[in-house]
Amino acid sequence: MYRPTVRYEDVYKEYVENVFHATHLDRSQIIRAALFIAGHTEQFSRIIEPYIRRGMSLPSPLWNEEDEELWLNQKVVEPMEVRQMTKAVQKKSVRFENRKVEEQPIASPKVFSPGGGISIKVGNGNR
């Protein structure tokens, strides 16, 4: 997930604060919402156009206006194109092998009796 540090003028800060207090959204959601909708607005294109490099064009956003999860929640949501490809792959029939699972006998518990008659010698045993 991309986590930039954003610096902006106090007028933007004041606006974000006012929206924050007027809604149930956090500040990050407010900023993400602005970026989310900017890619779909003519106003954004107009203010960016003078700064586009020669021979380049402004890219189209990789999301649709219906993809609200992108700005509303911080978790990663795949853009519409990826979701469509995923759905297409899921529609294809998938073959599964039928595997037999062999039953294993249950081991009986081991019982140890006390005083097992074990002797331990230390050293070579010659005195």
Side-chain angles (χ1 to χ4, degrees):
M1 177 162 296
Y2 181 55
R3 299 176 72 175
T5 300
V6 180
R7 292 175 178 85
Y8 45 84
E9 294 293 326
D10 287 341
V11 293
Y12 297 127
K13 178 184 177 190
E14 186 176 332
Y15 180 72
V16 169
E17 287 297 313
N18 290 340
V19 174
F20 171 73
H21 291 295
T23 66
H24 297 287
L25 300 172
D26 64 38
R27 291 166 188 90
S28 292
Q29 288 172 316
I30 295 163
I31 293 168
R32 285 195 307 264
L35 290 171
F36 175 85
I37 203 62
H40 292 285
T41 65
E42 198 173 307
Q43 294 92 337
F44 181 75
S45 296
R46 273 199 314 267
I47 65 170
I48 296 296
E49 191 174 340
Y51 303 97
I52 295 176
R53 293 185 175 135
R54 191 177 325 182
M56 300 297 289
S57 61
L58 191 63
S60 298
L62 300 176
W63 60 90
N64 284 332
E65 292 179 56
E66 295 83 34
D67 293 332
E68 283 190 346
E69 287 293 312
L70 283 171
W71 70 267
L72 195 54
N73 297 311
Q74 203 162 7
K75 63 184 176 182
V76 177
V77 176
E78 297 171 337
M80 182 192 67
E81 295 166 356
V82 175
R83 287 198 309 265
Q84 287 175 342
M85 289 188 318
T86 303
K87 286 179 186 177
V89 169
Q90 289 172 345
K91 286 181 182 178
K92 292 184 179 183
S93 62
V94 179
R95 295 169 143 186
F96 292 100
E97 283 184 32
N98 287 334
R99 294 184 179 182
K100 291 185 178 180
V101 178
E102 295 180 21
E103 289 188 27
Q104 301 293 323
I106 298 174
S108 59
K110 304 278 186 212
V111 179
F112 296 96
S113 58
I118 298 175
S119 61
I120 300 175
K121 290 184 181 180
V122 180
N124 62 9
N126 294 334
R127 288 190 174 200

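- Ring-plane geometry between Phe36 and Trp71 is classed as tilted, the angle between the planes lying from 30 to 60 degrees on a 0 to 90 degree scale.
- Residues Leu58 and Leu62 do not share a hydrophobic cluster, clusters being chains of Ile/Leu/Val/Met/Phe/Trp/Tyr side chains in contact below 4.5 Å.
- Summarising the geometry of Ile37 relative to Glu65, their closest heavy-atom pair is CD1-OE1, 3.9 Å, with the distance given to 0.1 Å.
- Counting non-hydrogen atoms of neighbouring residues, nucleotides and ligands closer than 6.0 angstrom, the OH atom of Tyr8 exceeds 12 such neighbours.
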Could you tabulate the donor-acceptor pairs under 3.5 Å formed by side-chain atoms of residues 17-31, not counting sequence neighbours?
unit_1	atom_1	unit_2	atom_2	d
Glu17	OE1	Arg27	NH2	3.2
Glu17	OE2	Arg27	NE	2.5
Glu17	OE2	Arg27	NH2	3.4
Asn18	ND2	Glu14	O	3.3
Thr23	OG1	Val19	O	2.8
Thr23	OG1	Leu25	N	3.2
Asp26	OD1	Ser28	N	3.1
Asp26	OD1	Gln29	N	2.7
Gln29	OE1	Asp26	N	2.8
Gln29	NE2	Leu72	O	2.4

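- Note that CD1 of Ile48 is 12.0 Å distant from CZ of Arg46, once rounded to the nearest 0.5 Å.
- Ile47 and Tyr51 end up in different hydrophobic clusters when Ile, Leu, Val, Met, Phe, Trp and Tyr side chains are linked at under 4.5 Å.
- For Glu9, there are no side-chain hydrogen bond (donor to acceptor under 3.5 Å, both in side chains) partners, not counting sequence neighbours.
- Taken together through direct or relayed side-chain contacts under 4.5 Å among Ile, Leu, Val, Met, Phe, Trp and Tyr, Leu70 and Val6 form part of one hydrophobic cluster.
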